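Quick caveat, the model's predicted, so the values are computed rather than measured. When a ligand or atom number is given, it counts from 1 through the structure's own listing order.
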Amino acid sequence: MALVTTKNMFEKAFQGGYAIGAFNINNMEIIQGIVEAARRQNSAVILQVSKGALKYAHPKYLRAMVEAAVAETGLDIALHLDHGPDFETCRDCIDYGFTSVMFDGSHYDYEENVAKTKEIVDYAHARGVVVEAELGKLAGIEDDVKVDEKNASFTDPDQAVDFVKRTGVDSLAVAIGTSHGAYKFKGEAKLDFERLEEITRKLEEAGIHNFPIVLHGASSVDQKSVEMCNAYGGKINGAKGIPAEMLRKAASMAVCKINMDTDLRLAMTAAVRKALAEDPAGIDPRGYLGSGRDLITELVEGKIKDVIGSADSMK
Ligand SMILES: O=C(CO)COP(=O)(O)O
Ligand SMILES: O=C[C@H](O)COP(=O)(O)O
Ligand SMILES: [Zn+2]
Ligand SMILES: [Zn+2]
């Protein structure tokens, strides 16, 4: 039993009109919380590691824990680098046994993004690893880079076709109105589904069939977690995410990978705050971290079952 790439997962998800959840991991409790949900729902899952996570927990630790999860559950699990900033980071993760890497060159000009992505695709494909790239700029905060709403730009469908052809990437993250973090919309939530449809139509016309699209910044910012945080001393105001029905619609289209981190952070924080507040004399980390882990399981199970639709994708 070994880690798998996302190739087979995406083929099935595209055909089946659902998406695979890609959840950010930073420590053992988060990994266990997600994997337990995937096990209960018999679902394939992607565990992804940001640059910040690589710094917090060495990739060797993360890989070893994820491999333990595969051995325990027998599930299809891909270990993915999220927003790889450069060739070196992507190469290191490939060399550490990741099965998928993202190179995020969206902040470079177009030709530079093409050239850098291609270099990583060549290195990865020679080693059986798949690559996700990004075109268009999402608003919000990614690692240290903050893009404000007016500097965000949606993905151009013609450019997407040219990009996929020239780089040979395996999947593409697009900008259609989602953003990273807990504050996604000031007013009404809105995604550009026509653009998403046009990207797929143009790819199909160019002979690139069933091409998997990735949606970043897809947390729903569940009010239950926000309220729980605030009830136990948190101060989270005006947070707003992507409504579940929009994610369902995206998953039914070409979106095969849906990225969520903020929702997990909120759940973990809410549960830890509550556990500490309710047991002021408690000092056992297994108590409050265990509560965080349980709430992550509950949250991820709900996403798999009711939002992204990947339940029983292991069959
Ligand atoms: O896209 C993400 C990680 O790459 C996470 O998005 P959220 O901030 O919406 O959870
Ligand atoms: O894309 C951003 C993810 O939420 C990861 O966040 P991080 O860089 O703080 O680990
Ligand atoms: Zn980006
Ligand atoms: Zn992202």
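Taking every non-hydrogen atom of D261 and a distance limit under 4.0 Å, the qualifying atoms of ligand 2 come out as 3 (C), 4 (O), 5 (C), 6 (O). The atoms of ligand 1 that sit less than 4.0 Å from any heavy atom of H83 are 4 (O). Shown in contact with H216 at under 4.0 Å from a heavy atom are these atoms of ligand 1, numbered in order with element: 1 (O), 4 (O). Residue-ligand proximity, D261 to ligand 1, at heavy-atom distances under 4.0 Å covers atoms 5 (C), 7 (P), 10 (O). Less than 4.0 angstrom separates some heavy atom of H83 from each of these atoms of ligand 2: 1 (O).
Residues M9 and A44 come closest through the heavy atom pair CG-CB, 4.1 Å. Nearest heavy atom pair, residue K51 against residue P85, reads CD-CG, 3.6 Å. Nearest heavy atoms, G217 versus L138: N-CD2, 4.4 Å.
Taking distance alone, with nitrogen or oxygen atoms compared against 3.5 Å, N24 stays at or beyond that limit from ligand 2. Ligand 1 has no N or O atom lying under 3.5 Å from any N or O atom of M260, backbone or side chain. Polar contact with ligand 2: present for R265 (N/O pair, distance under 3.5 Å). Annotation: D263 places no N or O atom under 3.5 Å from an N or O atom of ligand 1; distance criterion only.
Using a 30° and 60° split on the angle between ring planes, F103 and Y108 fall in the parallel class, below 30°.
Taking 4.0 Å as the cut-off between side-chain N and carboxylate O, E119 and R91 do not count as a salt-bridged pair. One finds no salt bridge joining K249 and E245 here, because no Lys/Arg side-chain nitrogen approaches an Asp/Glu carboxylate oxygen to under 4.0 Å. Using a 4.0 Å cut-off between a side-chain N of Lys or Arg and a carboxylate O of Asp or Glu, E197 and R201 do not qualify as a salt bridge.
With hydrogens and angles ignored, the 3.5 Å screen pairs a side-chain donor or acceptor of K184 with a backbone N or O of S179.
The part of D82 lying near ligand 1 is the side chain, judged by heavy-atom distances below 4.0 Å. Contact annotation for N24 and ligand 1: only side-chain heavy atoms (C-beta onward) come within less than 4.0 Å of the ligand. Neither the backbone nor the side chain of M102 has a heavy atom within less than 4.0 Å of ligand 2. At a 4.0 Å heavy-atom cut-off, ligand 1 does not touch S50 at all.
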Could you check E36 against R39 for salt bridge (charged side-chain N to carboxylate O under 4.0 Å, His left out), going step by step and ending with a plain yes or no? CA-CA 5 Å; E36 175 58 16; R39 192 193 62 73; 2.8 Å; yes

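H216 has its closest N, O or S atom to the Zn ion (ligand 4) at the position named ND1.
Nearest protein heavy-atom contact of atom 8 (O) of ligand 1 is T262 OG1, 2.6 Å. Among all non-hydrogen protein atoms, the one lying nearest atom 2 (C) of ligand 1 is H180 CD2, 3.4 Å. Looking only at protein heavy atoms, the nearest one to atom 1 (O) of ligand 1 is G217 N, 2.8 Å.
Side chain to side chain, N8 and D76 fail the donor-acceptor criterion of an N or O pair below 3.5 Å.
Residue contact check for ligand 1: K184 places a non-hydrogen atom closer than 4.0 Å to it.
Criterion: ILVMFWY side-chain heavy atoms under 4.5 Å apart, direct or through other members. Under it, L264 and L295 are not part of a common hydrophobic cluster.
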